[in-house]
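The block underneath contains the structure these notes are about, expressed in structure tokens.
Computed from a prediction, not measured in an experiment: that's the story for all the values here. Just so we're on the same page: letters track the sequence lines, and every chain starts at 1.
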2 protein chains.
Amino acid sequence: MKIEILTRNENQEIQNEIISKIRDLMNYKNLEPGDKLPSERMLSEKFGVSRSNVREAIHKLEFYGLLKSKPQSGTFVADIGQVAMNGMIEDILRLEDPDFKSLVETRILLELKTVRLAAQRRTEQDLIQMKMALEAYSEKVKAGQDAVQEDLLFHLAIAKASGNSTMNTFMLIITPEIITKFEEHHVCDKGLAFTGIQEHWDIFDAIKAQDPQLAKQKMKTHFKTLYQYCYNI
Amino acid sequence: MKIEILTRNENQEIQNEIISKIRDLMNYKNLEPGDKLPSERMLSEKFGVSRSNVREAIHKLEFYGLLKSKPQSGTFVADIGQVAMNGMIEDILRLEDPDFKSLVETRILLELKTVRLAAQRRTEQDLIQMKMALEAYSEKVKAGQDAVQEDLLFHLAIAKASGNSTMNTFMLIITPEIITKFEEHHVCDKGLAFTGIQEHWDIFDAIKAQDPQLAKQKMKTHFKTLYQYCYNI
DNA sequence: CAAACCAATCTGGTTAACCAATTTGAGTAA
DNA sequence: TTACTCAAATTGGTTAACCAGATTGGTTTG
């Protein structure tokens with residue numbers, strides 16, 4: 001799911017194998033929504049793997065909402081049908097690690113939306129938090145220091161103000177990888193931080209003024225100056 | 001059922017507590033990017049909790065890219081600074097479970113994008129898979145059967161064809177919850193399935209013709225007829 | 001005969017012991 | 001002094017034993 005190192009890839013392999021075996025079992029036994037999976041011990045024995053491996057695989061399927069473990073009771077098949085179950089497991093098995101381009105593409109999409117929603121829904125409390133993040137960012141930049149973190153925190157504050165918990169979560173998921181990649185490629189110490197200050201305040205003002213279209217436009221401008229440095233990554 | 005929720009919340013609680021303790025420790029000890037966290041055993045002893053609890057908390061922070069465990073070596077702080085670390089942990093602790101409205105809002109946003117990308121990037125193989133999903137859907141509807149699953153699989157096929165692995169992952173994450181909620185509220189057995197067939201084929205044709213704007217427009221139409229049933233949920 | 005009950009059993013979760021790879025630092029040789 | 005060696009200690013991961021609570025099916029009781 002994240003950037004994995006070799007040792008973990010090996011792990012990933014046997015986990016995927018277990019997941020596909022679970023899928024086969026569900027098909028073979030014609031398990032329907034609500035049915036109970038064999039116990040973890042039984043699965044680990046049948047598959048010839050350790051119980052903790054089975055648990056990890058179940059955890060992953062649980063994360064994607066396909067299974068549901070009840071303590072002292074059993075693991076149950078979620079309320080989606082067999083067709084969707086097979087299709088989704090197939091997709092999960094073939095999931096590749098996200099590349100940088102895909103992350104950036106998604107970030108832009110999410111932020112152009114969250115900034116509009118934030119302009120519509122922001123509370124006074126949201127404004128305060130955004131302003132705090134923004135001032136911390138400005139100070140760092142003016143002191144000539146690196147400010148990627150403060151930058152990202154401002155963007156996360158916008159996501160929070162959007163009032164959409166799903167997008168907020170997604171922003172949290174992709175943010176650290178973006179930070180890492182940025183610092184790897186030294187995107188941010190190229191003197192574009194100073195122009196960034198004004199752009200950020202423009203975005204903030206538009207949100208404060210509750211003008212979604214303006215906010216989106218300012219965010220677009222911001223990304224334009226930002227990602228012109230990224231095309232050669 | 002209530003008990004199940006309670007126990008899980010309880011679990012969530014102590015996990016969050018551990019996470020905030022880890023944050024405090026990182027602040028107190030001034031741990032910087034790349035530094036090593038105390039060992040799992042030491043943390044479990046210091047916090048007075050079991051080692052597996054500590055491991056779960058670390059796993060969660062690892063999922064969000066804030067920590068990185070190296071086997072037989074230690075757990076290391078990710079390459080984002082202290083400020084971003086504190087901000088992100090704060091956000092993670094306050095993360096709420098996504099509500100239906102937020103899920104739908106996000107799904108629409110994602111799909112209006114993936115359908116455009118799919119129109120630009122789809123391969124012949126993608127077309128074949130989408131067509132298969134679509135035919136399965138049509139048959140079920142014509143047979144008068146429920147076809148939510150096949151519906152969603154078609155949409156997932158579009159996400160795959162978009163060539164953006166991050167969006168693909170996100171679609172996989174929200175899909176099962178959407179299915180469940182849909183079936184809970186009986187969104188789909190209100191006779192809108194038949195109109196859905198044509199709408200789906202329109203989307204498919206636009207993708208095949210590599211016309212992003214048309215594809216987006218058709219998807220918009222599709223959502224319009226779909227979610228007019230959802231406003232009263 | 002049906003409903004209430006209870007203990008044997010089965011379950012996921014937890015704990016503790018164990019493993020192999022990695023660090024580390026004192027000792028050694030150049 | 002410096003570079004190298006190697007074994008002991010430390011680490012995250014793995015395995016197996018254990019726990020408390022849920023399930024279940026036969027028995028009892030009204």
Side-chain angles (χ1 to χ4, degrees), chain A residues 1-19 21-22 25-26 29 31 34-78, chain B residues 1-19 21-22 25-26 29 31 34-78:
Chain A
M1 181 141 328
K2 295 270 135 184
I3 313 152
E4 308 286 10
I5 292 182
L6 274 174
T7 56
R8 185 112 194 238
N9 266 359
E10 197 181 305
N11 231 340
Q12 190 78 2
E13 274 312 308
I14 71 168
Q15 196 186 78
N16 277 352
E17 206 172 315
I18 294 174
I19 289 179
K21 277 180 180 171
I22 290 180
L25 185 75
M26 288 196 293
K29 291 226 169 187
L31 293 188
D35 284 355
K36 192 163 75 175
L37 224 60
S39 73
E40 297 177 351
R41 289 170 182 78
M42 212 167 292
L43 290 178
S44 73
E45 193 181 351
K46 186 187 276 271
F47 297 159
V49 297
S50 76
R51 190 179 153 204
S52 37
N53 285 138
V54 173
R55 296 192 98 235
E56 263 183 69
I58 289 179
H59 269 66
K60 185 163 181 178
L61 293 179
E62 224 177 328
F63 171 77
Y64 285 103
L66 302 183
L67 294 179
K68 176 79 195 153
S69 288
K70 280 202 224 174
Q72 284 83 40
S73 174
T75 302
F76 297 85
V77 180
Chain B
M1 184 61 84
K2 277 181 186 175
I3 303 159
E4 168 232 327
I5 291 172
L6 272 177
T7 54
R8 178 152 184 207
N9 269 357
E10 198 181 303
N11 231 339
Q12 190 78 2
E13 273 312 308
I14 72 168
Q15 196 186 75
N16 278 353
E17 206 173 315
I18 294 175
I19 288 179
K21 277 179 182 173
I22 291 180
L25 187 75
M26 289 196 292
K29 292 224 169 188
L31 292 188
D35 284 356
K36 192 163 75 174
L37 225 60
S39 73
E40 296 177 351
R41 289 168 182 79
M42 212 167 292
L43 290 177
S44 73
E45 192 181 351
K46 186 187 277 270
F47 297 159
V49 298
S50 75
R51 191 179 151 205
S52 36
N53 285 137
V54 173
R55 296 192 98 236
E56 262 183 71
I58 290 178
H59 268 68
K60 185 162 182 180
L61 292 178
E62 225 177 327
F63 171 76
Y64 285 103
L66 302 183
L67 294 179
K68 177 78 197 154
S69 289
K70 280 203 230 172
Q72 282 80 42
S73 173
T75 302
F76 298 85
V77 180

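Of the side-chain N and O atoms in A:Ser69, none sit less than 4.0 angstrom from OP1 or OP2 of C:dG12. Phosphate proximity of D:dT11 to B:Ser73: absent, as no side-chain N or O sits under 4.0 Å from OP1 or OP2. Contact annotation: B:Arg55 does not reach the phosphate of D:dG12 (side-chain N/O to OP1 or OP2, under 4.0 Å). Under 4.0 angstrom from either OP1 or OP2 of D:dG12 there lies at least one side-chain N or O belonging to B:Thr75.
The separation between A:Leu61 atom CG and C:dG12 atom P is 14 Å, rounded to whole Å. Rounded to an integer number of Å, the gap from CG of B:Leu37 to P of D:dT10 is 18 Å. Between B:Lys70 atom NZ and C:dT24 atom P there is a gap of 11 Å when expressed in whole angstrom units. Residue B:His59 contributes atom NE2, which lies 16 Å from atom C1' of C:dG13 at whole-angstrom precision.
Nearer the 5' end of DNA chain D, as judged by each residue's closest nucleotide, is the contact made by B:Ser39, out of A:Lys36 and B:Ser39.
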Find every protein N or O atom lying less than 3.5 Å from an N or O atom of nucleotides 15-21 of chain C, and list the pairs.
| from | atom 1 | to | atom 2 | distance (Å) |
| --- | --- | --- | --- | --- |
| C:dT15 | OP2 | B:Ser50 | OG | 2.6 |
| C:dC18 | N4 | B:Arg41 | NH2 | 3.1 |

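Listed by chain and number, the residues in a salt bridge (Lys or Arg N to Asp or Glu O under 4.0 Å) with A:Arg51 are A:Glu40 (sequence neighbours excluded).
Once rounded to the nearest 0.5 Å, the distance linking NZ of A:Lys60 with CG of A:Leu66 reads 11.0 Å.
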